[in-house]
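First the structure, in the form of structure tokens, and then the observations on it.
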Amino acid sequence: MAEQKLSLYNTLTRKKEKFSPLAPPFAGMYVCGPTVYGEPHLGHARSAIVFDLLYRYLSHSGYKVRYVRNITDVGHLENDADEGEDKIAKKARLEQVEPMEVAQEYTNSYHAAMRKLNNLPPSVEPRASGHIIEQQELISAILEKGFAYEVNGSVYFDVEKYHQENNYGKLSGRVLEDLLSNTRQLAGQQEKKSNIDFALWKKAAPEHIMHWPSAWSEGFPGWHLECSAMSAKYLGANFDIHGGGMDLLFPHHECEIAQNTATNGGAGAKYWIHHNMVTIGGQKMGKSLGNFITLREFFSGEHKMLTQAYSPMTIRFFMLQAHYRSTIDFTNEALQASEKGLNRLFEGIAALDKISPQGKQDVLSDEWEQKCYQAMNDDLNAAVLISHLFELIRLINQGKNNEIAFSKNDLQKAKHIMHTFAFELLGLRPEKETANTELTENLINFLLKLRLEAKTQKNYATADSIRDYMTEIGIEVKDTRDGFEWKLV
RNA sequence: GGUCGCGUGGCCGAGUGGCUAGGCAGAGGUCUGCAAAACCUUGUACGGCGGUUCGAAUCCGCCCGUGACCUCCA
């Protein structure tokens with residue numbers, strides 16, 4: 001059904017490439033998931049939404065997709081100056097609870113937020129802490145190949161040795177010589193042969209909470225290891241797509257490629273897909289910058305930078321209106337525009353059910369569907385897809401006003417397009433509540449019929465009084481040409 | 001400092017050698033008891049200066065502004 005001509009921008013080759021999986025009809029996709037030491041925020045939302053769009057589209061196109069997205073609950077060093085104190089462990093000590101309790105709490109928050117955003121759950125969601133053995137095996141393999149060395153119970157990746165036969169920097173475009181001269185000298189790096197070497201295993205300091213036994217020391221795995229280990233475990237040494245934010249391009253993904261290449265000669269993934277950042281006032285959102293807004297705060301509106309609450313679907317729609325490789329700047333004004341636009345889209349789609357077919361000839365050409373697929377195929381251009389949907393909404397509204405006569409076939413076509421692209425692929429979901437029982441619904445309709453009678457008799461005082469009361473209790477009433485409409489707000 | 005990117009109408013944001021992106025806001029109109037919604041009309045934008053071209057916002061150069069990465073980060 002779908003045209004199988006998806007092109008994706010591959011960071012590895014720096015150009016758009018036709019997507020062609022290694023073993024069709026299967027497609028493997030690995031995405032760097034959250035580090036669960038804090039509340040999920042807009043950035044997490046963007047990553048999840050972008051790759052949800054890709055997941056949905058690949059599935060829609062007939063691929064059997066295995067979507068793996070990890071949970072990082074161990075393994076990220078705070079920084080080298082801290083002598084390798086683990087992020088999760090640090091937070092745990094501050095809050096005086098078990099590290100895994102912290103990880104679990106934020107994992108739960110993350111899942112709840114992702115569900116609200118209507119992101120489909122991944123096929124496999126592995127935790128780094130559950131794959132210590134696999135990570136240790138990977139370290140052994142790299143040591144065996146001679147691309148790592150052990151010092152005092154810690155193991156480091158030998159970047160310069162690796163670079164003699166391979167290209168460290170092929171993904172990020174970095175030049176090794178520049179890196180060597182520009183990398184900062186940090187405390188606690190005396191063990192490493194070179195500044196740019198990175199840890200595969202770190203010996204845990206005595207006060208360190210999270211540690212595991214290993215052949216080298218009681219310690220913990222390095223920060224880039226988990227993704228290599230878990231992608232290989234669930235997708236194979238060579239798989240199709242690796243995704244993540246642009247901020248992970250270097251060093252994280254570069255190091256992953258080095259680890260993968262060192263063990264089996266391949267980069268791992270064929271297509272490396274990176275989405276851009278969310279900015280606030282033109283600056284990247286970050287805790288240290290003080291412009292950090294969690295998803296919970298967006299949904300409740302409780303944040304000093306927010307003038308109102310924004311629904312999960314508004315956030316999703318806002319994200320989808322920009323191409324994934326562009327930065328997207330958050331402002332209240334932009335989000336309000338999205339909220340209204342999304343409402344227009346949903347109302348237009350709902351109007352489709354109220355239009356009765358009148359035309360004998362089709363007015364909607366088949367090009368509509370093709371245009372929509374073209375937008376998706378062009379590196380998942382959801383922004384252009386949405387513009388097409390709005391063009392169609394304009395026509396639908398004209399049909400609603402009897403300015404265009406749609407045929408039965410037209411209406412089916414329009415419904416099909418909206419359901420496929422707006423709901424199935426973009427993952428938009430009307431949030432409008434309906435009356436919870438048939439009884440309520442009947443009562444509302446009865447009241448409105450009374451109002452209509454009053455109106456017909458020009459008893460506007462009564463008509464307005466009924467409408468005012470209904471508005472007050474949360475029922476929005478709109479008059480139409482031959483009756484009324486209502487919805488709960 | 002090194003590397004890479006971006007600069008589009010009031011706002012957000014697509015596009016990229018010639019053909020109206022789209023949404024929001026604004027103005028005028030149609031409809032309407034009022035309200036709301038919807039529809040129609042309306043703005044001829046691409047940082048500056050040069051160059052290439054029949055033609056550039058789109059390619060090239062320089063300048064200005066701005067951002068990301070180089071440190072955990074979506």
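Only heavy atoms go into these numbers, but all of them, side chains included; no hydrogens, no water, no symmetry mates.
- No side-chain donor-acceptor contact under 3.5 Å links A:Q374 and A:D378.
- Rounded to whole Å, atom C1' of B:U71 lies 15 Å from atom NE2 of A:H252.
- Other residues, nucleotides and ligands contribute only 12 or fewer heavy atoms inside 6.0 Å of the CZ atom of A:R296.
- Residue contacts shown for A:A322 are limited to sugar-phosphate atoms, with no base heavy atom under 4.0 Å away.
- Heavy atoms of A:H388 sit nowhere under 4.0 angstrom from any nucleic acid atom.
- In terms of phosphate contacts, A:R174 brings no side-chain nitrogen or oxygen within less than 4.0 Å of OP1 or OP2 of B:G2.
- Of the side-chain N and O atoms in A:R69, none sit less than 4.0 angstrom from OP1 or OP2 of B:A74.
- The same atom, P, is picked in B:C60 and in B:U42; the two are 35 Å apart, to the nearest Å.
- Taking atom P on both B:U20 and B:G29, the two are 28 Å apart, rounded to the nearest angstrom.
- Atom P of B:G22 sits at a distance of 34 Å from the matching atom of B:G65, rounded to the whole Å.
- Surrounding OH of A:Y469 are at most 12 heavy atoms belonging to other residues, nucleotides or ligands under 6.0 Å away.
- Heavy atoms of A:V278 sit under 4.0 angstrom from at least one base atom.
- Of the candidate nucleotides B:C24, B:G13, B:G22, B:G22 has the atom lying nearest to any side-chain atom of A:E391.
- Rounded to whole Å, the separation between the C1' atoms of B:G61 and B:G1 comes to 24 Å.
- For the side-chain contact (heavy atoms from CB on, under 4.5 Å) test with A:S47, the passing option among A:L42, A:D52, A:V31 is A:V31; the others fail.
- Rounded to whole Å, the distance from CZ on A:R46 to P on B:A68 is 14 Å.
- Using a 4.0 Å cut-off, some side-chain N or O of A:R394 falls inside it from OP1 or OP2 of B:G23.
- Atom name C1', nucleotides B:G50 and B:C39: the rounded distance is 47 Å, in whole Å.
- Closest to the side chain of A:M277, from the set B:C69, B:A25, B:A74, is B:A74.
- A salt bridge does not link A:K203 to A:E191: none of the charged nitrogens lies less than 4.0 Å from a carboxylate oxygen.
- Straight-line distance between the P atoms of B:A68 and B:G13: roughly 15 Å, to the nearest whole Å.
- No hydrogens or angles considered: nothing links the side chains of A:T420 and A:E369 as a donor-acceptor pair under 3.5 Å.
- Residue contacts shown for A:L248 are limited to sugar-phosphate atoms, with no base heavy atom under 4.0 Å away.
- Between the NE2 atom of A:H323 and the C1' atom of B:A14 there is a distance of 10 Å, given to the nearest Å.
- Taking atom P on both nucleotides, B:G5 is separated from B:G9 by 23 Å, rounded to a whole Å.
- Where A:D247 and A:G341 meet RNA chain B, the nucleotide closest to each residue was compared, and A:G341 sits on the side nearer the 5' end.
- When the C1' atom of B:A14 is taken as reference, atom CZ of A:R325 falls 13 Å away, rounded to whole Å.
- Candidate nucleotides B:A74, B:A36, B:A38 were compared by shortest atom distance to the side chain of A:R344, and B:A38 ranks first.
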For RNA chain B, the dot-bracket notation using Watson-Crick and G-U wobble pairs below 3.5 Å, [ ] for pseudoknot-type crossings and | for other-strand pairs, is (((((((..(((.....[...))).(((((.......)))))....(((((..]....))))))))))))....
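- Nucleotide B:C69 holds its P atom 11 Å from the CG atom of A:L249, rounded to whole Å.
- Here the P atom of nucleotide B:C24 and the OH atom of A:Y310 are 15 Å apart, to the nearest Å.
- The nearest whole Å value for the distance from the CZ atom in A:R467 to the C1' atom in B:U32 is 11 Å.
- For the OP1/OP2 pair of B:A25 and a distance below 4.0 Å, the side-chain nitrogens and oxygens of A:Q336 include no atom meeting the criterion.
- Residue-environment remark: NZ (A:K415) exceeds the threshold of 12 foreign heavy atoms within 6.0 Å.
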The contact string for nucleotides 4-12 of chain B, one letter per nucleotide 5' to 3', using protein heavy atoms under 4.0 Å with B, S and - for base, sugar-phosphate only and none, comes out as -------SS
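- When each of B:A21, B:A14, B:C40 is scored by its nearest atom to the side-chain atoms of A:S387, the top-ranked nucleotide is B:A21.
- Residue A:T279 places none of its side-chain N or O atoms closer than 4.0 Å to OP1 or OP2 of B:A68.
- With hydrogens and angles ignored, a donor-acceptor pair closer than 3.5 Å exists between the side chain of A:D479 and the base of B:C34.
- Within 4.0 Å (heavy atoms only), A:Y460 reaches at least one base atom of the nucleic acid.
- For the pair A:N401 and B:A38, the criterion of a side-chain N or O lying under 4.0 Å from OP1 or OP2 is not met.
- Nearest-nucleotide mapping onto RNA chain B: of A:I386 and A:N381, the residue sitting toward the 5' end is A:N381.
- Side-chain polar atoms of A:Y57 and A:N377 form a donor-acceptor pair below 3.5 angstrom.
- Using a 4.0 Å heavy-atom criterion, one finds that A:K284 contacts the bases of the nucleic acid, with or without backbone contacts as well.
- The separation of B:G7 from B:G55, taken at their C1' atoms, amounts to 24 Å, rounded to a whole angstrom.
- Side-chain polar atoms of A:S228 and A:Q259 form a donor-acceptor pair below 3.5 angstrom.
- Under 4.0 angstrom from either OP1 or OP2 of B:C39 there lies no side-chain N or O belonging to A:K400.
- Going from atom CZ of A:F330 over to atom P of B:G13 covers 12 Å, rounded to whole Å.
- Side-chain N/O atoms of A:H323 and A:Y9 include no donor and acceptor closer than 3.5 Å.
- In summary, the side chains of A:T279 and A:D329 do present a donor paired with an acceptor at a separation below 3.5 Å, with no hydrogens or angles considered.
- When only modelled atom types and interatomic distance are considered, A:S465 and A:D468 share no side-chain donor-acceptor pair under 3.5 Å.
- The nucleotide whose nearest atom lies closest to any side-chain atom of A:D178 is, among B:G33, B:U3, B:C69, B:U3.
- Checking B:C70, B:G33, B:A37 against every side-chain atom of A:A463, the shortest atom distance belongs to B:G33.
- Between the side chains of A:N119 and A:R316, at least one donor-acceptor pair of N or O atoms lies under 3.5 Å.
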